[in-house]
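Before any comments, here is the structure.
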Amino acid sequence: MISVLFFGPVAERIGKSALQVEFHHTMSLQNLRDKLAAQYPQAFEIVCFAAVNGEHARDMTIALTDGSEVAFMAKFSGG
Amino acid sequence: MISVLFFGPVAERIGKSALQVEFHHTMSLQNLRDKLAAQYPQAFEIVCFAAVNGEHARDMTIALTDGSEVAFMAKFSGG
Amino acid sequence: MKAAVRIQQEDFSQDEEISALKACSKRMGGIGTFLGCARDFSEGREVEQISFDAYGSMALSEMQKLRSDAIGKFALLDARIVHRIGTVSGGDNIVFIAAGAEHRVAALEACRWMIDELKQRVPIWKKEITPQGDAWVVPHP
Amino acid sequence: MKAAVRIQQEDFSQDEEISALKACSKRMGGIGTFLGCARDFSEGREVEQISFDAYGSMALSEMQKLRSDAIGKFALLDARIVHRIGTVSGGDNIVFIAAGAEHRVAALEACRWMIDELKQRVPIWKKEITPQGDAWVVPHP
């Protein structure tokens, strides 16, 4: 399974702060994003960044591994 | 009389922190500086700024008035 | 002594943070700080409170990296970053950044760089609570 | 409340200064500060203490002008400047500058500008007291 986390404005649009997605072999970050964006288009309108296991992920083609923690995040507004 | 003030490194070289100089009609700041520089050449080597009555004086040609307070100062090193 | 990088609900004391920063070295000639506070008015609307959501573990590790990066980039003697979460009111402290260096230029430039980078890198979001309703803040580009 | 611009022998509290600064407005979103400290080492020599001489009345009025100039130039909500005189030891506070604005850029730029200008404009001189003797500091151009 992949744990998907949402925060702030994205969590609000999705209506929850976490989801479990079944892991598929050869699943990339982009595949996961596409799947969720189709399900929650309104939330993904404001997604700007992704993180895998707590690290910024700039390359959307990276392969995910089973048990990964992935976050799709809106533009930060801390500070 | 003109009160002349010295501070920090200038006062140390002159050996005192204040002097009284007799006021002369048409005495400019430059006249006063020249007179004191002749008397205390070593101290005036490091004089960079002058102030009249507590205000920076950039124009050395200004006329002094009796009772003025004049300071001849080294480069500042506060802060 | 408290950690140099923290995310916490409670307020902080600048005197305490600065004395912790100074503890590392007596060669520190300049300390630049930035304190971000909650404004009671934003883009024409009255703001009663600000609440925060954060990806806590990632935010903390990004702040730790940011501190190390700043120490390396500006040859700082030390640096500290504290960010509050939870809910704060107008005038309350939100974020504190301190950079200590031998000379002032490095300290002030590092401080400016750290707050700019923090806003880019650290996964924290603020929501303004106003009499007209709540709204997540959309940062200007 | 203490005056916004002061020259004093005693140390100051940043928490006190910041809360005085914030008292003027809840629209203050950013506060930049600079704290200058006595280094125990300078240009290869150990420094035991630093003592100050000042043209007190002029220094105070120049610092007051500097504060007003900064408030005007950077549209600050408030600013404070405190400079210590007398004799301080390594690690001790010397000067504190704080600039509060609606947004961070103005606050940080004003803070930088004020400390740079203070060094140019304000008649204060420091002498380093070292084991090899005392020496007035000659500022670099």
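Protein chains get the first letters and strands the later ones, always in sequence-line order, with residue 1 at the start of each.
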Please look at Asp92(C) and chain D and tell me whether the side chain, the backbone, both or neither of the residue comes under 4.5 angstrom of a heavy atom of that chain.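 It is the backbone, since no side chain atom gets that close.
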So for Glu102(D), is it side chain, backbone, both, or neither that comes closer than 4.5 Å to the heavy atoms of chain C?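 Both backbone and side chain.
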Heavy-atom distance under 4.5 Å to chain C: side chain of Ala98(D), backbone, both or neither?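 Neither part; nothing is under 4.5 Å.
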Which atom of Arg39(C) lies closest to which atom of Arg27(D), heavy atoms considered: NE-O, 3.1 Å
May I ask you to name which of Thr33(C), Leu35(C), Asp40(C), Asp15(C) has the most heavy-atom pairs under 4.5 Å with chain D? Asp15(C)
Which one wins on heavy-atom pair count under 4.5 Å against chain D: Gly29(C), Gly30(C), Gly91(C)? Gly29(C)
Determine the option with the most heavy-atom pairs under 4.5 angstrom with chain C, choosing from Glu109(D), Arg104(D), Arg112(D).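 Answer, by heavy-atom pair count under 4.5 Å with chain C: Arg104(D).
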Among the listed options Asp116(D), Val105(D), Ile94(D), the residue most often paired with chain C at heavy-atom distances under 4.5 Å: Asp116(D)
Nearest-0.5 Å distance, CD1 of residue Ile31(C) to SG of residue Cys37(D): 4.0 Å
Taking the side chain as every heavy atom from C-beta outward, state whether Lys26(C) and Val47(D) have any atom pair closer than 4.5 Å.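 In short, these two side chains do not touch, never coming nearer than 4.5 Å.
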